[in-house]
Amino acid sequence: MEQVFGQIADDEMRGLPFYRDPIPMRACGFQLFEQQWIGVLLTPWMLSLVVLPGPQQSWPRRAVGERLMLELPCGTVGFTVSEVAGCGQYLSRSLMSPLNTALSAERALQLAEQSARMALSLPVVDVDGPANPRRRALFNKVSQIKNQHA
């Protein structure tokens, strides 16, 4: 991916106003999850969560731009079917596009690595918290109304 997107950078992106030359081209944190590769692609113009076919995987051909929802440990994430020559079809989810101009190369790499880890992290749940906070808020409101009328 780094090589393919490096070529895209040279051919199409480098002259654009949102291109951040100090930001490296990097595929970060890729690992197998349910037989598919998942990680983050950092380029000088974007940061995206990416899913690629894993070893011996063959995905059915889909329309570029089609949206799919995937259940990841972090929750349900919407992806778009993307395709570039040299990589074939893959799923992408923009995390930041264009990149924040205040983001240094070092911080961008940290953000990419942390984003890759977070996508495959189990969500943190407060076991002492309400199962449905909106429902609790509703009951608190009902309780406040009852107290005002008492």
Side-chain angles (χ1 to χ4, degrees), residues 1-138 140-141:
M1 285 199 92
E2 289 176 10
Q3 202 170 29
V4 169
F5 276 84
Q7 192 63 50
I8 292 170
D10 292 341
D11 294 347
E12 303 169 28
M13 303 302 286
R14 195 170 301 278
L16 297 175
F18 51 82
Y19 188 91
R20 303 276 321 284
D21 201 43
I23 304 296
M25 185 77 59
R26 196 71 51 83
C28 298
F30 275 83
Q31 59 184 300
L32 282 174
F33 175 73
E34 293 187 3
Q35 292 11 232
Q36 314 305 317
W37 290 108
I38 186 166
V40 171
L41 178 64
L42 173 65
T43 72
W45 63 91
M46 69 168 182
L47 180 69
S48 291
L49 184 60
V50 174
V51 180
L52 295 160
Q56 287 79 47
Q57 295 294 310
S58 178
W59 291 354
R61 186 124 183 97
R62 296 185 180 274
V64 172
E66 182 179 344
R67 300 217 2 108
L68 300 170
M69 303 299 285
L70 298 182
E71 282 294 325
L72 298 177
C74 67
T76 303
V77 179
F79 286 87
T80 302
V81 175
S82 302
E83 185 171 12
V84 294
C87 282
Q89 287 197 334
Y90 61 96
L91 302 178
S92 64
R93 168 62 185 234
S94 177
L95 300 176
M96 186 184 298
S97 180
L99 293 178
N100 185 318
T101 56
L103 201 58
S104 69
E106 181 182 336
R107 297 292 287 159
L109 283 168
Q110 288 174 343
L111 179 59
E113 290 290 344
Q114 290 170 353
S115 296
R117 277 194 302 278
M118 286 176 57
L120 296 178
S121 296
L122 295 175
V124 176
V125 177
D126 180 359
V127 294
D128 295 324
N132 183 341
R134 288 187 180 158
R135 187 168 181 221
R136 181 176 179 186
L138 174 66
N140 284 343
K141 204 168 258 197

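None of the values given here were measured: they were computed from a predicted structure. Hydrogens, waters and symmetry mates play no part in the numbers below; they use all other heavy atoms, side chains included.
Listed for the Q89 side chain is a donor-acceptor partner under 3.5 Å among the backbone atoms of R62. A donor-acceptor pair under 3.5 Å is absent between the side-chain atoms of Q35 and the main chain of G54, judged by distance alone. A donor-acceptor contact shorter than 3.5 Å links the side chain of R93 to the backbone of G78.
Atom-to-atom distance recorded for L49:CG and F79:CZ is 4.0 Å, nearest 0.5 angstrom. From M25, atom CE reaches atom CD of Q7 across 10.0 Å, with rounding to the nearest 0.5 Å. With rounding to the nearest 0.5 Å, the separation of CG in N100 from CG in L47 is 11.5 Å. Here M1 contributes atom CE and F30 contributes atom CZ; the two are 5.5 Å apart, rounded to the nearest 0.5 Å. In this structure, CD1 in I23 is found 9.0 Å from OG1 in T43, a value given to the nearest 0.5 Å.
Atom CE of M118 is surrounded by 12 or fewer heavy atoms from other residues, nucleotides or ligands within 6.0 Å.
Looking only at atom types and distance, the side chain of S48 has no donor-acceptor partner in the side chain of S92 under 3.5 Å away. For the residue pair W37/Q57, the side-chain donor-acceptor check at 3.5 Å is not satisfied.
What you find for L103 and R20 is that their closest heavy atoms are O-NH2, 2.8 Å. Of all the heavy atoms in L32 and P55, the pair that sits closest is CD2-CD, 3.5 Å. Nearest approach of E71 to F33, heavy atoms of both residues: O-CE2, 4.2 Å.
Side chains of W59 and V81 form no contact here, defined as non-hydrogen atoms less than 4.5 Å apart. Side-chain contact between Q36 and L91 is absent, with no heavy atoms from C-beta onward closer than 4.5 Å.
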Working for side chain to side chain contact (heavy atoms under 4.5 Å, CB included), residues W45 and I8:
CA-CA 11 Å; W45 63 91; I8 292 170; 4.2 Å; yes
Start with the C-alpha gap between V84 and F5, add the side-chain angles, then the distance that decides, and say whether side chain to side chain contact (heavy atoms under 4.5 Å, CB included) holds.
CA-CA 9 Å; V84 294; F5 276 84; 4.1 Å; yes
Are F18 and M46 close enough, and set up right, to give a side chain to side chain contact (heavy atoms under 4.5 Å, CB included), and what steps lead you there?
CA-CA 9 Å; F18 51 82; M46 69 168 182; over 6 Å; no
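Sorted by first and then second residue, the side chain to side chain donor-acceptor pair (under 3.5 Å) pairs with a member in residues 23-34 form an empty list; sequence neighbours excluded.
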Which donor-acceptor pairs under 3.5 Å do side chains of residues 107-117 form with protein atoms, sequence neighbours excluded?
residue: R107; atom: NH1; partner: Q110; partner atom: OE1; Å: 2.8
residue: S115; atom: OG; partner: L111; partner atom: O; Å: 2.7

